[in-house]
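This report refers to the structure that appears directly beneath it.
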Number of protein chains: 2
Amino acid sequence: MRDTDAVDLVTAELHGSLEDPALMSMNFLNEITGRYPEALSFAPGRPVERFFDVESVHRRLRTFSDHLSAGLGYSPEEVSRTLCQYGRTKGIVHDLIARSLARDEGIDADPESVVVTVGCQEAMFLVLRALRAEPRDVLLSVSPLYVGLTGAARLVEMPVLPVAGGAAGIDLDDLVAQIRGARQRGQRPRACYVMPDFANPSGLSMDLATRRALLEVAEREDILLLEDNPYGVFHGGEGTPPTLKALDTGRRVIYLGSFAKTVLPGARVGYAVADQRVRDAQGATGLFADQLSKIKSMVTVNTSPIAQAVVGGALLENAFSLDAANSREQEVYRANRRQVVEGLEARFGNCEGVSWNTPAGGFFVCVTVPFTVDDDLLELSARRFGVLWTPMAHFYSGPGGSNELRLSVSSLTGADIEEGLDRIAALFAERGCAPTAHTRFVRSGGRAP
Amino acid sequence: MRDTDAVDLVTAELHGSLEDPALMSMNFLNEITGRYPEALSFAPGRPVERFFDVESVHRRLRTFSDHLSAGLGYSPEEVSRTLCQYGRTKGIVHDLIARSLARDEGIDADPESVVVTVGCQEAMFLVLRALRAEPRDVLLSVSPLYVGLTGAARLVEMPVLPVAGGAAGIDLDDLVAQIRGARQRGQRPRACYVMPDFANPSGLSMDLATRRALLEVAEREDILLLEDNPYGVFHGGEGTPPTLKALDTGRRVIYLGSFAKTVLPGARVGYAVADQRVRDAQGATGLFADQLSKIKSMVTVNTSPIAQAVVGGALLENAFSLDAANSREQEVYRANRRQVVEGLEARFGNCEGVSWNTPAGGFFVCVTVPFTVDDDLLELSARRFGVLWTPMAHFYSGPGGSNELRLSVSSLTGADIEEGLDRIAALFAERGCAPTAHTRFVRSGGRAP
């Protein structure tokens, strides 16, 4: 019997990712959230929960089953087999996803180019695993960036070179400089990861001219673009410019989609649209989607058809428009963004060194402060002030973000937002950053007495 | 606009796994099955479909929801959040799985050591990703072996060194020789992958003495054992010897579990039990399960709680015994194994050079023949004779299996088994291997006229 205190393994002999800041970050942020369950939290990028309903899971499952039987003429045995048995590696709702992309995004996707994945995270992992063939292969990404992308890259040992964002969402001169610098060092830049709509964590979006120019750079420099779009649906009411994929005439873009925010996180369904043509060693040509599928068969075999059916049901019930399906959620996030930005203005409007952006959509507002923002400050904020948020430094692979914090506006509502901002104001005051005397906003937008 | 015929990528510049025999194998086998949908198939290791039922998916989901509310006192909001929101990376049915392992396998697993995964495939991937820290890290495995393990190893660029199986299921002298040989070459053997009960593809099992001796070798040689057990439940009626994990007093065994065969492939739920104690760079000690969880957060974030709830419901409905839950399935596979073995005897009993094994459980029977068995023969078998099976060569990383084929007994039933074996007999005859004149067995076991 082994001593219960004996050590069996040490991380120094396990994969390097396990001591990597990206994976440690995710772990720390989860851990502190778990440790302070009563804290008001501006931390998680989770969708609003109040519309969740287990009955809607059952209903969507039935909608999809009915679609198979009444719509497609499947026998009861075929319906059971489709939902219960091992299935097509690339998924069973690929055609419904293609219809949704046409309807909401003006993307004309061949259903065969769609790979349904276990959340968008698996889609990222599959793409990076495929593209990272040799140690010299590198990825570019606007910095700061989603920590899940950094983590997936780390699992396949693919360096991520940061590209400046700036007000345009991407600094194209810096992108070109980074690509050329990498090539001079003997590296092979394969792709640049971007989130053109209401990016996590910056909240920034790219305008149409920037999108077109980015596609031109990709073509000229011969790299792919990985377009991640979890938040585009949550615009301010005036929509968004076309996605890169909708503008892509050169098959430069791999589109990464998620249903976690638009349908249900608990389904864990996402996808990649990968229509690039790939020639194999035998000279045969096929879709990049089929190469991703081969990798997927060795990671998760296939995405649960039951989970896919829940998403498929939601698409069918909403005539394939996630924009239409999310009108309630859009309104919540819109009101929350306004309330957070107005609340920051009311508290810090004339507080020197404190500033924030005003994103037109999405989940995130970034706040810049004149003091250091790190995990210790977050710990203090949770323990003494009962409020959580995310240090922006977690989203930079190198230095950066050390006086910025990210506020997610998706979880808290109404009075909790006001109380949460009050607690943040108390924290800032503790750091010598005295807030202005503020008065609460009421829902109408007018001021309470 | 890019020429639709232009090539965007070549596999030579993508990850090497994409041209690897393991991934090509899986692809070829899926592809040929798709190309001959009417063929009788002894190929797939899929569970019997006749008991599948979409209503049982709904019922199990309700059972689990009721367990949360009535059993654990969750509010309706908490139930919704648990099933619909992002969730715990290690899963939400870990405690139910631990109870099932105690009930069926006599395994005493700390629920915190259980990582719920997207099928057993993801569990394998996570373990290999964690263990493959450097190019010198290698895995050992009994050969022939499950192609999904080979593929997962290939994704993390971890060589798999074959160990002879033999009648005992593993040749322990060869295991030691391979470990020591690897060390002499400067390699670091991390673990040996085994399937002690009714292995895929060999059908072989290890007896109790072999299991104990294997654990001793692992201890002495300081390697881990990866015990994969998808088929143990499908024994012949007399049970199986204790699993390695049940015998494991030294935390040498990482147990890999699957619900694909025992509950539902469409849930895509599996798990790893990883109770090894790991010390990190800061000197803190935790479970290997928590290291796997960090990797999982960058591959799939978490396993769909809806899919987990379906499995959890099945465990709750069967008082945590998958053995009891599968009595109908056990009977089907038992009858099928008998029918296939008797059918082979009837057709090839005195046909020189044709032999087969008689597994005590599981899905697979192996047939040895005096001619070459390869993909071309399978293609011929499908096209001319309308019967599918699997060339054993796919399960060897090196040479081997070139005159063996694997018959899965899990999908076909009754008359289809007889007809399928007749077609195989016609194929064998075409290869100069004349079957004996045979008479059909009837269900009672007696001979038809």
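So that the names make sense, note that chain A is the first sequence line, chain B the second, and so on, each numbered from 1. Just so it is clear, the values below take in all heavy atoms, side chains as well, and ignore hydrogens, waters and symmetry mates.
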What verdict does the side-chain contact (heavy atoms from CB on, under 4.5 Å) test give for B:Thr117 and A:Thr300, after you've listed the backbone C-alpha separation in whole Å, the side-chain angles of each residue and the deciding distance to 0.1 Å? CA-CA 9 Å; B:Thr117 53; A:Thr300 58; over 6 Å; no
CA sep, side-chain torsions, deciding dist, call: B:Glu55, A:Arg62, salt bridge (Lys or Arg N to Asp or Glu O under 4.0 Å): CA-CA 10 Å; B:Glu55 281 314 307; A:Arg62 288 193 204 285; 3.0 Å; yes
How many angstroms lie between [atom1] in [X] and [atom2] in [Y], if you round to the nearest 0.5 Å?
X: B:Arg129; Y: A:Ser17; atom1: CZ; atom2: OG; result: 6.5 Å
X: B:Leu18; Y: A:Met298; atom1: CG; atom2: CE; result: 10.5 Å
X: A:Leu23; Y: B:Lys296; atom1: CG; atom2: NZ; result: 13.5 Å
X: A:Glu19; Y: B:Gln291; atom1: CD; atom2: CD; result: 7.0 Å
X: B:His58; Y: A:Leu61; atom1: NE2; atom2: CG; result: 4.0 Å
X: A:Asp137; Y: B:Glu13; atom1: CG; atom2: CD; result: 8.5 Å

For B:Ala191, enumerate each residue passing the side chain to side chain contact (heavy atoms under 4.5 Å, CB included) test, keeping only those at least two apart in sequence or located in another chain. B:Leu131, B:Leu139, B:Leu224, B:Leu226
Who wins among [options] for the most heavy-atom pairs under 4.5 Å with chain B?
options: A:Arg190, A:Met24, A:Met124; value: A:Arg190
options: A:Gln121, A:Glu49, A:Arg279, A:Gln85; value: A:Gln85
options: A:Gly148, A:Pro76, A:Gly16, A:Pro265; value: A:Pro265
options: A:Val57, A:Leu83, A:Ile295, A:Asp53; value: A:Ile295

Side chain, backbone, both or neither: which part of [X] has a non-hydrogen atom closer than 4.5 Å to chain A?
X: B:Thr285; result: side chain
X: B:Pro47; result: both
X: B:Ala307; result: side chain
X: B:Asn302; result: both
X: B:Lys261; result: side chain
X: B:Tyr86; result: both
X: B:Ser65; result: side chain
X: B:Asp280; result: both

Answer with side chain, backbone, both or neither: which region of A:Asp290 has an atom nearer than 4.5 Å to a non-hydrogen atom of chain B? neither
Scanning both residues in full, the closest heavy-atom pair of A:Ala133 with B:Leu14 reads CB-O, 3.2 Å
Using the rule given for side-chain contact (heavy atoms from CB on, under 4.5 Å), can you reason through B:Val10 versus A:Val278, listing the C-alpha separation, both sets of side-chain angles and the distance that settles it, and then say yes or no? CA-CA 5 Å; B:Val10 293; A:Val278 181; 5.8 Å; no
Is any side-chain N of the basic residue among B:Arg251 and A:Asp8 closer than 4.0 Å to the acidic one's carboxylate O? yes
Under the side-chain contact (heavy atoms from CB on, under 4.5 Å) rule, what do A:Val54 and B:Val79 come out as? Steps first, then yes or no, please. CA-CA 8 Å; A:Val54 176; B:Val79 173; 4.1 Å; yes
Could you please spell out the steps behind the side-chain contact (heavy atoms from CB on, under 4.5 Å) verdict for B:Arg50 and A:Glu77? CA-CA 8 Å; B:Arg50 86 175 75 139; A:Glu77 291 71 29; over 6 Å; no
